[in-house]
4 protein chains.
Amino acid sequence: MGESGNSRWQRKKDARPSEILDAALTLFVDKGYRATKMEDIAQAAGVTKGTPYLYFQNKEEIFKAVVRETIVARMQAMSAQLEQLQDASGSQLLHAALEDWWTHIGATRSAGLCKLMAAEATNFPELARFYYEEVIKPARQLLGYVVQRGMDRGEFRPANLEHVIDMLTAPMLMTMIMSHSFGLVPGCCENITRDPLAFLQSALRLTLQGLQYPVSQDLPS
Amino acid sequence: MGESGNSRWQRKKDARPSEILDAALTLFVDKGYRATKMEDIAQAAGVTKGTPYLYFQNKEEIFKAVVRETIVARMQAMSAQLEQLQDASGSQLLHAALEDWWTHIGATRSAGLCKLMAAEATNFPELARFYYEEVIKPARQLLGYVVQRGMDRGEFRPANLEHVIDMLTAPMLMTMIMSHSFGLVPGCCENITRDPLAFLQSALRLTLQGLQYPVSQDLPS
Amino acid sequence: MGESGNSRWQRKKDARPSEILDAALTLFVDKGYRATKMEDIAQAAGVTKGTPYLYFQNKEEIFKAVVRETIVARMQAMSAQLEQLQDASGSQLLHAALEDWWTHIGATRSAGLCKLMAAEATNFPELARFYYEEVIKPARQLLGYVVQRGMDRGEFRPANLEHVIDMLTAPMLMTMIMSHSFGLVPGCCENITRDPLAFLQSALRLTLQGLQYPVSQDLPS
Amino acid sequence: MGESGNSRWQRKKDARPSEILDAALTLFVDKGYRATKMEDIAQAAGVTKGTPYLYFQNKEEIFKAVVRETIVARMQAMSAQLEQLQDASGSQLLHAALEDWWTHIGATRSAGLCKLMAAEATNFPELARFYYEEVIKPARQLLGYVVQRGMDRGEFRPANLEHVIDMLTAPMLMTMIMSHSFGLVPGCCENITRDPLAFLQSALRLTLQGLQYPVSQDLPS
DNA sequence: GATGAATGAGAATTCATTCAT
DNA sequence: GATGAATGAATTCTCATTCAT
């Protein structure tokens with residue numbers, strides 16, 4: 001026939017899994033885990049009901065695979081990348097990390113997945129632990145390392161390390177949550193989701209400002 | 001307190017609806033919206049399957065009512081309370097607000113509801129708008145007012161108001177999310193949920209520090 | 001609340017389980033376990049799809065309940081009954097037992113259930129063990145007791161007790177199997193299912209004949 | 001014998017079909033008809049999913065072919081063999097038949113197939129008829145012939161021929177059923193499956209004993 | 001002949017909701 | 001007002017079968 005795709009079966013074994021995961025990612029992010037039907041995933045991937053089951057045991061495994069293939073994979077790449085910028089100052093590193101994160105996660109569908117992960121953590125304890133070990137913990141270690149080095153070098157004033165890490169993370173979490181919950185609802189949040197990156201940078205600056213040594217003598221916090 | 005809200009709470013001799021909402025709140029927070037069965041709500045409220053339908057049209061209406069009756073109601077009370085502390089400094093007001101929030105929301109089941117609200121916003125757009133109008137917007141206006149006043153008075157250096165509000169809000173959101181998602185999973189987060197209030201206060205201090213005028217000569221207070 | 005006033009709908013409730021089990025028994029016997037759809041059971045019981053699940057966890061539990069309520073229950077009744085005929089001879093007891101069995105099991109749908117049990121034993125090991133403990137074992141013990149007593153009294157010649165029990169059981173098993181497998185297929189077995197009871201009695205007579213002492217004294221087998 | 005059946009078995013250089021049937025036999029016997037997946041059959045035969053369909057229309061046809069090729073074929077061989085022992089006594093013939101049957105059917109996977117056949121007869125009426133015509137009927141005719149001859153010769157006392165045949169068959173059926181149902185379940189039947197052949201021989205002896213003329217004068221033939 | 005990706009009808013199970021009592 | 005038995009739409013998952021390669 002003249003047309004390429006007119007066969008009932010489009011056989012793309014190698015491409016299928018990632019097509020399915022891609023469709024699933026979008027649907028999970030848009031509608032949540034429970035509200036996403038397997039058949040919807042199949043349809044969005046251009047296949048029929050049964051096909052996803054050829055590649056994944058069940059819905060839960062699809063969800064796990066989506067998390068693994070997107071955030072976890074990206075996280076590892078980011079960690080590796082940041083480890084090469086050893087010479088930069090703490091501020092520079094944190095700014096670089098923020099931009100990197102924004103490019104590869106914050107501004108992508110992955111951000112919606114983070115929100116979903118938070119929403120569903122208690123329903124998938126095993127996955128939550130995995131996510132914690134593979135994403136949250138390494139991310140926090142990386143940030144902790146950078147901040148601690150800054151303190152050691154006198155770039156930052158001493159402060160509770162965990163709290164600083166939380167402080168650096170909170171705006172990112174907020175951005176992801178807001179832009180994938182209220183931000184998606186028409187008529188909510190006209191002034192919140194304007195320019196998330198601007199907020200993130202502003203937040204980072206504010207936090208770094210707070211980490212500077214006061215000029216005159218001040219009590220350490 | 002005003003007398004206006006009494007009529008609603010005076011008919012407490014008929015406690016059924018609020019008992020149902022109370023049970024629903026706990027279950028929604030613990031298991032999520034979808035995973036909470038109507039029958040579980042009924043049972044937890046000490047009634048039988050059909051009874052909730054005598055007071056609420058359906059599950060969605062119960063969810064909305066829960067949000068309305070808990071967070072929204074609490075939010076309004078908090079707003080009223082804060083409006084009375086007009087003489088305090090911006091820092092003092094923000095610290096007071098934080099403690100108030102922590103006591104009445106952050107440390108209660110309501111915090112779980114906020115997380116749930118974020119998770120389900122896209123599934124209940126109407127409710128999301130309501131929540132945004134009744135909770136998020138007023139809260140931000142309140143914070144915005146306090147911060148703006150601080151800037152006007154020279155207590156804080158000028159900065160993007162929306163970003164500062166986001167900055168003040170992010171740690172609270174983070175606390176709520178984490179403590180009701182990963183924080184509930186055994187084996188996650190050994191170092192995150194340690195002492196949320198300490199983090200919140202530390203974050204506030206850090207942000208306020210960042211809002212101080214830099215050392216160089218600037219306007220006197 | 002109280003136990004007293006709810007007669008009408010509760011009577012319905014009480015009747016449901018047995019109605020469902022009754023429908024299930026017939027369908028299981030007719031079509032086998034796998035080929036019997038839950039919806040068919042429901043329909044045969046005059047209810048809709050979901051109703052059986054109000055009373056039984058799942059299809060497997062219905063099957064187990066059917067077995068329990070029919071054969072096991074009947075078996076226990078039979079055992080109790082036979083224990084009262086202590087004075088009769090071995091032959092008399094065995095004939096009585098056969099007739100009893102025929103009346104209450106062999107000629108009823110329960111016989112089909114025995115066949116089904118044999119067919120599905122490996123698919124439900126737990127149920128098979130239960131059935132073995134509650135039905136097969138007691139039945140064999142009962143027969144064993146009667147035969148042993150006959151041997152002790154000199155009514156029967158000595159023989160391997162287990163083999164005799166098998167020998168007494170085999171015709172019953174055969175009758176049940178044949179009449180619920182080939183016997184149900186039109187055009188099979190014109191001469192097999194003629195008169196099962198006649199065969200059973202004939203078989204018993206033949207076996208008892210074989211248990212008589214030969215006239216001349218011969219070696220025990 | 002005739003040459004007519006050769007063509008089927010001569011094309012054995014193409015072993016595919018029989019390999020598939022062999023695999024199917026084992027799986028059917030082990031897991032039952034329904035629980036045996038086509039893919040499992042293919043895999044056990046060392047081919048892939050689609051291949052069985054090159055040789056058989058569908059699963060049902062495979063089942064039928066298995067029955068045909070195993071039991072039916074073996075049955076015909078046995079019949080032919082027994083027809084050659086014309087000189088022996090009835091007892092001798094029956095003992096020989098039993099041993100033959102035990103060797104080629106009772107102790108092999110075919111026994112499991114008999115059980116399966118009984119279990120599935122109503123689901124495959126056409127196959128049931130075929131099995132009845134090709135297996136059950138000839139077997140009964142053979143036995144009937146031997147027993148009748150024994151009666152005619154005065155070796156056995158007169159009795160209902162069909163009943164005697166049933167009587168001779170029942171232990172074999174029982175052995176096959178038990179050893180492929182409860183006998184396979186761990187924890188069932190410690191004392192049943194001990195030594196099936198011993199039981200079969202014992203049963204035959206007992207039956208033959210019952211067929212002997214009583215010593216004192218009894219009914220004339 | 002073989003392959004194995006894809007199909008899609010079908011079955012089990014869940015649970016929000018209704019309504020006769 | 002309350003009850004709780006019953007409903008039936010909705011959803012997940014299975015597997016015999018097909019057919020392009």
Side-chain angles (χ1 to χ4, degrees), chain A residues 1 6-17 34-42 45-62, chain B residues 14 16 34-43 46-62, chain C residues 1-2 5-17 34-42 45-62, chain D residues 14 16 34-43 46-62:
Chain A
M1 305 269 178
N6 54 0
S7 67
R8 197 151 64 124
W9 291 296
Q10 295 186 0
R11 324 182 77 201
K12 305 195 251 173
K13 188 191 177 192
D14 291 349
R16 280 283 178 254
R34 276 295 226 299
T36 296
K37 284 181 274 179
M38 283 299 280
E39 198 163 2
D40 293 342
I41 295 175
V47 295
T48 50
K49 233 176 17 174
T51 304
Y53 290 96
L54 297 178
Y55 301 97
F56 305 96
Q57 273 196 349
N58 51 35
K59 192 177 170 181
E60 185 168 342
E61 289 303 321
I62 290 185
Chain B
D14 191 10
R16 277 281 182 274
R34 242 25 194 242
T36 296
K37 287 184 261 178
M38 284 298 279
E39 192 165 4
D40 292 343
I41 295 176
Q43 196 174 13
V47 295
T48 50
K49 236 172 151 179
T51 304
Y53 289 92
L54 297 176
Y55 301 99
F56 305 96
Q57 269 195 355
N58 53 33
K59 192 179 173 181
E60 187 169 340
E61 289 304 320
I62 290 183
Chain C
M1 289 290 234
N6 32 15
S7 59
R8 230 173 256 187
W9 39 260
Q10 193 138 49
R11 203 167 59 203
K12 192 85 169 173
K13 189 198 174 188
D14 289 349
R16 279 283 178 257
R34 278 292 233 290
T36 296
K37 285 182 271 178
M38 283 299 279
E39 197 163 2
D40 292 343
I41 294 176
V47 295
T48 50
K49 234 175 16 175
T51 303
Y53 290 96
L54 297 178
Y55 301 98
F56 304 96
Q57 273 197 348
N58 51 36
K59 193 177 171 181
E60 185 169 342
E61 289 303 320
I62 290 184
Chain D
D14 190 12
R16 278 279 184 275
R34 272 306 210 294
T36 296
K37 287 184 262 179
M38 284 297 281
E39 193 165 5
D40 292 343
I41 294 175
Q43 196 175 13
V47 296
T48 49
K49 236 171 150 181
T51 305
Y53 288 93
L54 297 176
Y55 300 98
F56 304 95
Q57 268 196 354
N58 53 33
K59 192 179 172 181
E60 187 169 339
E61 289 303 320
I62 290 184

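Each chain gets a letter, A, B and so on, in the order the sequences are listed, and its residues count up from 1. The shown structure was predicted, so the numbers you read here are calculated from the model rather than taken from an experiment.
Nearest-nucleotide positions on DNA chain E place C:Arg34 closer to the 5' end than the other of B:Ala35 and C:Arg34. Each of A:Gly50 and C:Thr48 has a nearest nucleotide on DNA chain F; the 5'-most of these lies closest to C:Thr48. Nearest-nucleotide positions on DNA chain F place B:Val47 closer to the 5' end than the other of B:Val47 and D:Met38.
Of the possible polar contacts, one joining the B:Lys59 side chain to the B:Thr36 backbone as a donor-acceptor pair under 3.5 Å is found.
Between C:Arg16 atom CZ and F:dG4 atom C1' there is a gap of 13 Å when expressed in whole angstrom units. In this entry the distance linking CD of C:Glu39 with C1' of F:dT7 reads 12 Å, nearest Å. We find that CD1 of B:Ile62 is positioned 14 Å from C1' of E:dC15, with the value rounded to whole Å. Atom C1' of nucleotide F:dA16 and atom CD of D:Glu61 are separated by 14 Å, given to the nearest angstrom.
Residue D:Glu61 places its CD atom among more than 12 non-hydrogen atoms of other residues, nucleotides or ligands, all under 6.0 Å distant.
Here A:Arg16 contributes atom CZ and A:Phe56 contributes atom CZ; the two are 12.0 Å apart, rounded to the nearest 0.5 Å. Once rounded to the nearest 0.5 Å, the distance linking CG of B:Asp40 with NZ of B:Lys49 reads 10.5 Å.
Every residue meeting the salt bridge (Lys or Arg N to Asp or Glu O under 4.0 Å) condition with C:Glu60, not counting sequence neighbours, appears here in chain and number order: C:Lys64.
Counting atom types as modelled, A:Lys49 pairs a side-chain N or O with a base atom of E:dA9 as donor and acceptor under 3.5 Å.
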Discussion item. Before you tell me yes or no, could you show the steps for C:Ile62 and C:Met38 under side chain to side chain contact (heavy atoms under 4.5 Å, CB included), namely the whole-Å CA-CA distance, both residues' side-chain angles and the distance that decides it to 0.1 Å?
Written reply: CA-CA 10 Å; C:Ile62 290 184; C:Met38 283 299 279; 3.7 Å; yes

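Taking a 4.0 Å limit (strictly below) on heavy-atom distances, residues 52-59 of chain B reaches DNA chain E at B:Tyr53, B:Asn58, B:Lys59.
Direction change of the helix axis from one end of the helix from E:dA2-F:dT21 to E:dT21-F:dA2 to the other is 10°, with five pairs defining each end axis (rounded to 10°).
Taking only side-chain nitrogens and oxygens, B:Thr51 comes nearer than 4.0 Å to OP1 or OP2 of F:dT3.
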